[in-house]
Amino acid sequence: MDLSYKSAIDVTEFHQRRETLGAQLQNNSALLLFSNQEQRRNSSNTYPFRQDSYFWYLTGFNEPDSALLIQNKASSIISTLFLRPSDPLLETWNGRRLGVENAPAKLQLDAAFSIDDIATELPKLLSGATALYHAPDLQPWGDQIEQTALCYLREHTRQGFNVPNTLIDWRPLLDEMRLFKSPAEIALIQQAGQISALGHIRAMKTARANRFEYELESELLHEFNRFGARFPSYNSIVASGENACILHYTENESLLRDGDLVMIDAGAEFAMYAGDISRTFPVNGRFTPEQRAIYDIVLRAEKRAIELYVPGNSIKQANLEVLRIMLSGLVELGILQGDVEQLIKEKAYLPFYMHGLGHWLGLDVHDVGDYGCERDRTFEPNMVLTVEPGLYLSEKLDIPERYKGIGVRIEDNILITETGNKILTAAVPKEPEDIERLMQSSEPSHAPTTL
Ligand code: GLY
Ligand code: MN
Ligand code: MN
């Protein structure tokens, strides 16, 4: 397996995306988008650089302080990149740069300029375009550059410059493109899912009472890194006991207690693509009857939802079935009382299940793409999304004591295919018996250590 970003998606695919996007623009228009910048963490340290997902999608270029201009001129698509110039001294300190001279051939662009020259070059390139496609507020540093260029054009009309008279947000166009994954993207999301699965398996095998949540986090990260996923696709959630009732709990500092469940929601980012898996298991390797009862309801709901994740259905339809299954289960256990359809109408599930059933997945864990009204957009082949029902029985709720502190979420990543779907994250066990078996088979090398 070649893990380098360069080989992950071919440069021709990035080029083709620019062509596809450019062809949707008005004739004689321009589109401007900006990269991320490095973020200061403290002192002279920065956070690890992560490229803006839109910028990556159109360039495959992983440097900060860059801008891309796509022009549609008489239906010919011209791409120009602004990037940091080569600088031997800075490169000795901070790392290699592609350089202006190398960019056109390497990235299949028509032209490249130094980002230091954008104030003078951008107005020349924008002048005469009737429309400018932009994304206000996405990159504040880019908004400033764009405003400066537009001001320049307005103030220099007598010198023959023309300012675009229409501004259009490009996000709806790009979001729609990103929603449908190419074969190369699907391969990477699948790889991200597989690496995420290995992390979860390792965490399950190494869980013990009296280890800390952050120790399980370290097992996840260890496995992600080992397979070339240098970063998680979001902050890992390792939530034991009542902590699982905080949906995005990331403190990960509690001690795992014998008799509690632990819910892990974590994913690897591989070659920019996200995995997003949740699994819930007993700290000591054996579900109690109450934990098992709640777990079985969520598992039943998740499996039914996956059956419904097929072309023509929607998240909304699947979620309605999930609500029916989970509310029937809660009524059977005596946690809720009443008629299931009436309970759904009254939204009686909200104290127990207060998030959506799933979200698009891709370059971003919560990926872009229109969901339709109340998530009723119908599934089509090559969409990728999560399925993640959960039940959270917080000790704050007025429910039988024995169910308090049980939080369960089960989450998988699903590719919609022509005929149905494919589960990309099936490698982590979710059947309770399989989880218990895996946890009994833990390896001595993973046993807790002390310093
Ligand atoms: N990990 C965040 C989510 O599942 O949406
Ligand atoms: Mn998740
Ligand atoms: Mn998710």
Side-chain angles (χ1 to χ4, degrees), residues 50 53 178-179 181 188-190 192-204 213-214 216-217 219-221 223-224 229 231-240 243-252 261-270 272-281 295 298-299 301-303 305-306 308-309 314-316 318-319 322 326 352-369 371 375 377 379 383-392 407-416 421-430:
R50 167 55 159 82
S53 296
R178 280 177 55 186
L179 180 53
K181 273 63 180 181
L188 294 180
I189 298 174
Q190 179 144 15
Q194 281 169 355
I195 296 171
S196 306
L198 290 170
H200 277 263
I201 290 170
R202 185 179 170 103
M204 271 185 199
E213 291 167 341
Y214 56 71
L216 292 195
E217 183 179 13
E219 306 288 357
L220 293 160
L221 296 178
E223 209 68 352
F224 295 173
F231 302 101
S233 49
Y234 52 93
N235 295 329
S236 305
I237 298 165
V238 183
S240 61
N243 294 338
C245 299
I246 301 169
L247 297 179
H248 286 170
Y249 169 87
T250 52
E251 288 164 44
N252 299 354
L261 289 177
V262 56
M263 195 283 293
I264 297 185
D265 181 344
E269 182 175 279
F270 180 74
M272 304 294 277
Y273 285 84
D276 182 8
I277 300 180
S278 301
R279 288 290 186 270
T280 309
F281 52 92
Y295 188 91
V298 179
L299 184 60
E302 203 234 13
K303 287 183 180 169
I306 292 174
L308 295 171
Y309 272 29
S314 65
I315 296 178
K316 185 178 177 180
N319 194 45
V322 161
M326 297 210 298
F352 309 95
Y353 172 52
M354 59 299 273
H355 57 76
L357 179 62
H359 51 82
W360 308 131
L361 185 72
L363 286 169
D364 294 317
V365 60
H366 293 162
D367 209 29
V368 295
Y371 284 97
R375 306 216 162 194
R377 177 160 187 169
F379 298 133
M383 290 173 161
V384 179
L385 74 161
T386 67
V387 56
E388 50 183 301
L391 281 175
Y392 310 94
V408 175
R409 179 157 68 248
I410 305 172
E411 176 174 24
D412 282 295
N413 303 160
I414 310 292
L415 166 70
I416 306 293
N421 69 48
K422 182 171 179 196
I423 307 174
L424 304 179
T425 46
V428 207
K430 61 184 174 187

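Both backbone and side-chain heavy atoms feed into the values below; hydrogens, waters and symmetry mates do not. As the structure lists them, so they are numbered: ligands from 1, and atoms in each ligand from 1.
Under the side chain to side chain contact (heavy atoms under 4.5 Å, CB included) test applied with Val384, the options Leu424, Ile416, Ile414 reduce to a single match, Leu424.
Looking from atom 4 (O) of ligand 1 to the surrounding protein, the closest heavy atom is Glu388 OE1, 2.9 Å.
Set against the non-hydrogen atoms of Asp276, the atoms of ligand 1 under 4.0 Å away are 1 (N), 3 (C), 4 (O), 5 (O). Of all atoms in ligand 1, listed by their number and element, those nearer than 4.0 Å to a heavy atom of His366 are 2 (C), 3 (C), 5 (O). Those atoms of ligand 1 that come under 4.0 Å of a heavy atom in Tyr234, given as number and element, are 1 (N).
Neither the backbone nor the side chain of His355 has a heavy atom within less than 4.0 Å of ligand 1. Within the 4.0 Å heavy-atom criterion, neither part of Val365 lies near ligand 1.
Side chain of Arg279 to backbone of Val428: a donor-acceptor contact under 3.5 angstrom is found. Remark: the backbone N or O of Ile237 is not paired with any side-chain donor or acceptor of His248 at under 3.5 angstrom. Of the possible donor and acceptor atoms, none in the side chain of Glu213 sits under 3.5 Å from a partner among the backbone N and O of Glu251.
Two residues are said to be in side-chain contact when any heavy atoms from C-beta on lie closer than 4.5 Å; Leu188 and Phe270 meet this criterion.
Among the atoms of His359, an N, O or S atom is found under 2.8 Å from the Mn ion (ligand 3).
Nearest N/O/S atom of Asp276 with respect to the Mn ion (ligand 3) is recorded as OD2. When you scan the N, O or S atoms of Asp265 for the one nearest the Mn ion (ligand 2), you land on OD1.
Remark: the His355 side chain and the Glu388 side chain contain no N/O donor-acceptor pair separated by less than 3.5 Å. If you check the side chains of Thr386 and Asp276, you find no donor sitting under 3.5 Å from an acceptor. Side-chain contact annotation: Tyr249 with Asn243, donor-acceptor N/O pair under 3.5 Å present.
Considering backbone and side-chain atoms together, Glu411 places an N or O closer than 3.5 Å to an N or O of ligand 1. Of the polar atoms of His248, none of the N or O atoms is found under 3.5 Å from an N or O of ligand 1, judged by distance alone.
Centred on the Mn ion (ligand 3), the angle running from Glu388 (OE2) to Glu411 (OE2) is recorded as 80°, rounding to 10°.
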